[in-house]
Amino acid sequence: MNTIIQNVRKKVPLIHNITNYVTVNDVANIILACGASPIMADDEREAEEITSICNGLNINIGTLNARTIHSMKLAGKKAKELGHTVLLDPVGAGASTLRTKTALSLLEEIPFDVVRGNISEIKTISKKQGTTKGVDADCLDTVTKHNLSESVAFAKSFAKEHHCVAAITGAIDLVADSTTCYAIRNGHPMMGKVTGTGCQLSGLMTAFITANPDQILEAAVAAVCTMGLAGEIAYSHLKEYEGNGSYRNHIIDAVYHMTDEQLEKGSKIEKF
Amino acid sequence: MNTIIQNVRKKVPLIHNITNYVTVNDVANIILACGASPIMADDEREAEEITSICNGLNINIGTLNARTIHSMKLAGKKAKELGHTVLLDPVGAGASTLRTKTALSLLEEIPFDVVRGNISEIKTISKKQGTTKGVDADCLDTVTKHNLSESVAFAKSFAKEHHCVAAITGAIDLVADSTTCYAIRNGHPMMGKVTGTGCQLSGLMTAFITANPDQILEAAVAAVCTMGLAGEIAYSHLKEYEGNGSYRNHIIDAVYHMTDEQLEKGSKIEKF
Amino acid sequence: MNTIIQNVRKKVPLIHNITNYVTVNDVANIILACGASPIMADDEREAEEITSICNGLNINIGTLNARTIHSMKLAGKKAKELGHTVLLDPVGAGASTLRTKTALSLLEEIPFDVVRGNISEIKTISKKQGTTKGVDADCLDTVTKHNLSESVAFAKSFAKEHHCVAAITGAIDLVADSTTCYAIRNGHPMMGKVTGTGCQLSGLMTAFITANPDQILEAAVAAVCTMGLAGEIAYSHLKEYEGNGSYRNHIIDAVYHMTDEQLEKGSKIEKF
């Protein structure tokens with residue numbers, strides 16, 4: 001995985017994002033930070049055309065509505081038709097019937113390359129029902145060292161069932177295809193105090209897999225490590241009086257400066 | 001009011017926000033900064049279900065439209081049915097007939113715990129008509145030391161009429177129920193140069209009252225003091241070349257570090 | 001152009017923005033930074049009323065949809081009826097048929113004072129068709145020293161045809177009416193790594209032309225210089241570990257402190 005970021009910066013993939021209005025600005029800036037280029041467009045009359053001029057598509061169901069769900073489906077189908085890489089971030093699946101159903105129907109209609117969510121969202125999709133505490137993972141579900149081997153098995157079976165890479169993020173992150181799972185221990189607890197670090201990771205990951213289509217699993221792992229490592233570096237730059245407002249900028253700044261060498265050194269990965 | 005922030009950080013209330021797309025990211029981050037957890041959802045098909053898994057609801061009519069107004073009403077009624085705390089921020093009431101009418105009809109249909117706005121917005125609601133200079137308070141209306149006693153009486157009567165706590169913010173802030181009014185002199189004029197400090201205060205206040213349902217007046221006062229004091233602290237950290245862009249982050253940072261002790265010491269409150 | 005910023009700070013024009021949800025917060029903060037006041041409202045039932053209480057209107061078609069396009073037209077016509085200054089930012093014209101058609105029909109129905117876009121967007125409008133690489137300018141189109149005289153001629157002819165000031169921004173910026181064109185060489189390449197610097201410039205420019213209605217060409221030039229110079233100043237304040245996240249704030253900060261004197265000294269303008 002030693003040229004993954006370099007490939008992003010060299011190819012400058014154009015990433016179409018249909019995402020929520022809460023964290024959209026940070027998603028755009030982190031995509032720019034890693035060397036790719038973002039475009040946001042969610043009207044049904046242009047979703048297919050916009051995705052056609054792009055290289056990858058990031059679908060995020062936070063603040064979904066009837067209009068944007070329709071655009072997600074149109075864009076997702078067109079993108080796969082054109083051989084683009086497509087990622088799903090099922091924000092809040094389990095928090096409402098609308099979100100659970102939307103995530104499930106998107107998965108049914110579009111062959112996603114990667115599904116990235118927290119453990120509650122991914123379990124909801126897996127069970128085809130569920131409840132989550134808002135948009136954050138339920139504590140009871142958290143991946144820990146105690147349930148790691150069973151969580152790894154779950155990640156692989158999810159990936160197998162949905163023919164995709166599964167990226168399940170939390171204190172310990174898991175990235176798996178049907179046969180291999182990586183557990184990643186980068187990151188900092190304070191990242192949970194910045195809104196949308198998950199959405200940002202999804203944008204970043206779409207850029208990484210789009211610039212590295214022949215190694216999607218490795219690119220997804222690199223994206224998770226980049227985000228986590230950026231959280232660690234950002235924390236080291238925090239002044240005593242700085243809080244989550246400044247931390248948010250430091251994270252994007254750290255992605256801006258990230259190199260494959262830094263990633264190689266800083267990644268905390270275990271293979272299963 | 002010496003455990004109000006502590007209660008927020010201990011209970012971590014989940015706050016449902018139906019708010020405008022201009023300042024939504026800062027609202028989410030300030031809710032996280034104070035120790036609560038935000039969720040944004042404005043589709044009519046999920047508004048009631050999302051609010052049901054939350055503890056409090058923040059309704060803000062900036063960038064309202066037909067779709068979101070309907071969701072506000074559904075969520076507001078459901079939240080009150082469940083005994084949740086609900087706050088209204090009537091952004092721009094008086095600036096357009098749509099906003100004035102929407103604020104009035106929300107107040108008619110939902111028994112809000114707190115209404116927070118600037119003096120022009122609150123006067124518009126009180127008179128059931130009005131004009132404001134955009135989303136900022138009209139200078140002629142400003143609460144000053146010269147009209148303070150009459151403003152205090154107005155705040156109490158508004159609270160009485162609408163069976164709520166009235167939080168009227170400006171250079172001097174007033175927070176009142178039908179019998180008691182607090183005048184608060186925290187804050188810094190430069191806060192007016194950051195978009196959405198009012199929206200942020202509404203998010204913060206919803207978190208504070210939700211974690212302190214038995215002392216809503218005191219919690220609303222504490223929220224106003226926290227925001228004002230954060231503005232003062234943030235200003236003290238500004239470097240010579242920094243402006244409103246950095247100030248915005250410093251304010252959220254200061255809320256992140258705020259404690260009940262700091263608040264106790266820094267609050268400038270007068271009781272009427 | 002030596003009192004242009006001073007006029008903004010003295011008159012504090014209220015600027016109505018119908019703009020995209022990606023960069024709207026930065027647009028609001030940069031309008032505040034330069035001394036004006038922003039209001040965002042995009043519902044068709046209030047678009048005309050809101051624009052009536054304002055002094056200028058900024059229409060930006062990023063993340064357009066059927067609902068907001070209708071509001072743009074209502075607001076644009078009402079604003080011109082009232083003699084307000086109106087600016088069009090045709091974000092992504094050429095990237096989709098919807099955007100190209102929308103830009104063209106807005107131009108047909110509303111006599112804009114200024115059209116501000118990158119060279120690909122402006123050429124798309126000029127040819128009434130086109131393709132762009134997302135929301136960024138196509139490299140082949142870029143204004144360079146080699147094609148400068150022909151680009152100047154294009155800018156003047158665009159301005160003449162559309163009875164407006166044309167502001168075409170890129171590495172070299174051109175601002176022209178039918179007879180005069182200014183080429184501006186301020187700015188820093190890193191500005192392309194911050195999402196929405198173009199949208200921010202459009203907001204800033206609307207404030208500048210609204211406060212200086214008798215010298216729209218000069219005010220548009222001053223806005224371009226202010227933004228570019230802010231990018232240069234912001235870059236000089238970047239710490240080694242800071243990236244595009246912090247740079248974004250430094251740019252707004254630099255606008256906050258900008259004076260006509262600083263602009264006079266720092267502007268790199270050539271007249272054609």
Side-chain angles (χ1 to χ4, degrees), chain A residues 19-29 40 42 61-69 91-102 120 130-139 190-197 199-200 238-250 252-253, chain B residues 12-55 63 65 67-68 71 194 200 230 233-234 236-237 245-258:
Chain A
T19 187
N20 66 77
Y21 60 77
V22 185
T23 64
V24 59
N25 187 270
D26 291 334
V27 169
N29 275 327
M40 278 65 182
D42 66 17
I61 67 167
T63 67
L64 78 183
N65 61 55
R67 189 175 64 75
T68 55
I69 293 170
V91 181
S96 78
T97 309
L98 176 64
R99 293 189 187 220
T100 304
K101 278 192 180 165
T102 301
S120 301
T131 50
T132 62
K133 196 210 166 196
V135 290
D136 297 318
D138 193 318
C139 290
M190 191 169 165
M191 295 175 81
K193 289 292 191 178
V194 176
T195 193
T197 47
C199 304
Q200 289 177 49
L238 270 190
K239 295 190 190 73
E240 207 188 348
Y241 61 83
E242 289 183 331
N244 60 333
S246 294
Y247 189 47
R248 164 206 192 198
N249 296 307
H250 290 316
I252 295 174
D253 287 352
Chain B
V12 194
L14 186 56
I15 306 301
H16 180 199
N17 300 274
I18 303 182
T19 187
N20 66 77
Y21 60 78
V22 185
T23 64
V24 60
N25 187 270
D26 291 333
V27 170
N29 275 327
I30 211 159
I31 286 175
L32 285 163
C34 76
S37 189
I39 182 164
M40 276 67 182
D42 65 18
D43 190 83
E44 59 188 8
R45 289 173 297 164
E46 68 168 356
E48 291 170 291
E49 209 176 341
I50 291 288
T51 226
S52 300
I53 60 164
C54 292
N55 311 104
T63 67
N65 61 56
R67 189 176 65 75
T68 55
S71 300
V194 176
Q200 290 177 48
I233 294 167
S236 77
H237 291 308
S246 294
Y247 189 47
R248 164 206 192 197
N249 297 306
H250 290 316
I251 293 171
I252 296 175
D253 287 352
V255 170
Y256 183 83
H257 289 290
M258 193 72 68

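Chain letters run A, B, ... following the sequence lines, proteins first, then strands; residues in each count from 1.
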Look at B:Asn25, B:Ile252, B:Asn17 and state which one has the largest set of heavy-atom pairs under 4.5 Å with chain A.
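Among B:Asn25, B:Ile252, B:Asn17, the one with the most close pairs to chain A is B:Asn25.
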What residue, out of B:Glu49, B:His250, B:Arg67, has the most heavy-atom pairs lying under 4.5 Å from chain A?
B:Glu49
If you look at every heavy atom in [X] and [Y], which pair is closest and at what distance?
X	Y	result
B:Glu46	A:Ser96	OE1-OG, 2.6 Å
A:Asn244	B:Asp253	N-OD1, 3.7 Å
B:His257	A:Glu242	NE2-O, 2.8 Å
B:Asp43	A:Ala66	OD1-N, 3.7 Å
B:Ala41	A:Arg99	CB-NH2, 3.5 Å
B:Asp42	A:Tyr21	OD2-OH, 2.6 Å

Can you tell which part of A:Asp26 gets under 4.5 Å to a heavy atom of chain B, answering side chain, backbone, both or neither?
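For A:Asp26, side-chain heavy atoms alone lie under 4.5 Å from chain B.
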Which atoms of A:Ile61 are under 4.5 Å from chain B, going by heavy atoms: the side chain, the backbone, both sets, or neither?
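For A:Ile61, there is no contact with chain B at all, as no heavy atom is under 4.5 Å.
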Can you tell me how far apart [atom1] ([X]) and [atom2] ([Y]) are? Round to the nearest 0.5 Å.
X	Y	atom1	atom2	value
B:Glu44	A:Asn65	CD	CG	9.5 Å
A:Lys193	B:Ser37	NZ	OG	8.0 Å
B:Met40	A:Thr63	CE	OG1	10.0 Å

Do A:Arg248 and B:Asn249 have side chains that approach each other closer than 4.5 Å (heavy atoms only, starting at C-beta)?
yes
Answer with side chain, backbone, both or neither: which region of B:Ser246 has an atom nearer than 4.5 Å to a non-hydrogen atom of chain A?
neither
Would you find a donor on one side and an acceptor on the other, under 3.5 Å apart, between the side chain of B:Asn29 and the backbone of A:Gly245?
no
Set out, in order, the CA-CA distance, both residues' side-chain angles and the distance that settles side chain to side chain contact (heavy atoms under 4.5 Å, CB included) for B:Leu32 and A:Val194, then state yes or no.
CA-CA 7 Å; B:Leu32 285 163; A:Val194 176; 5.8 Å; no
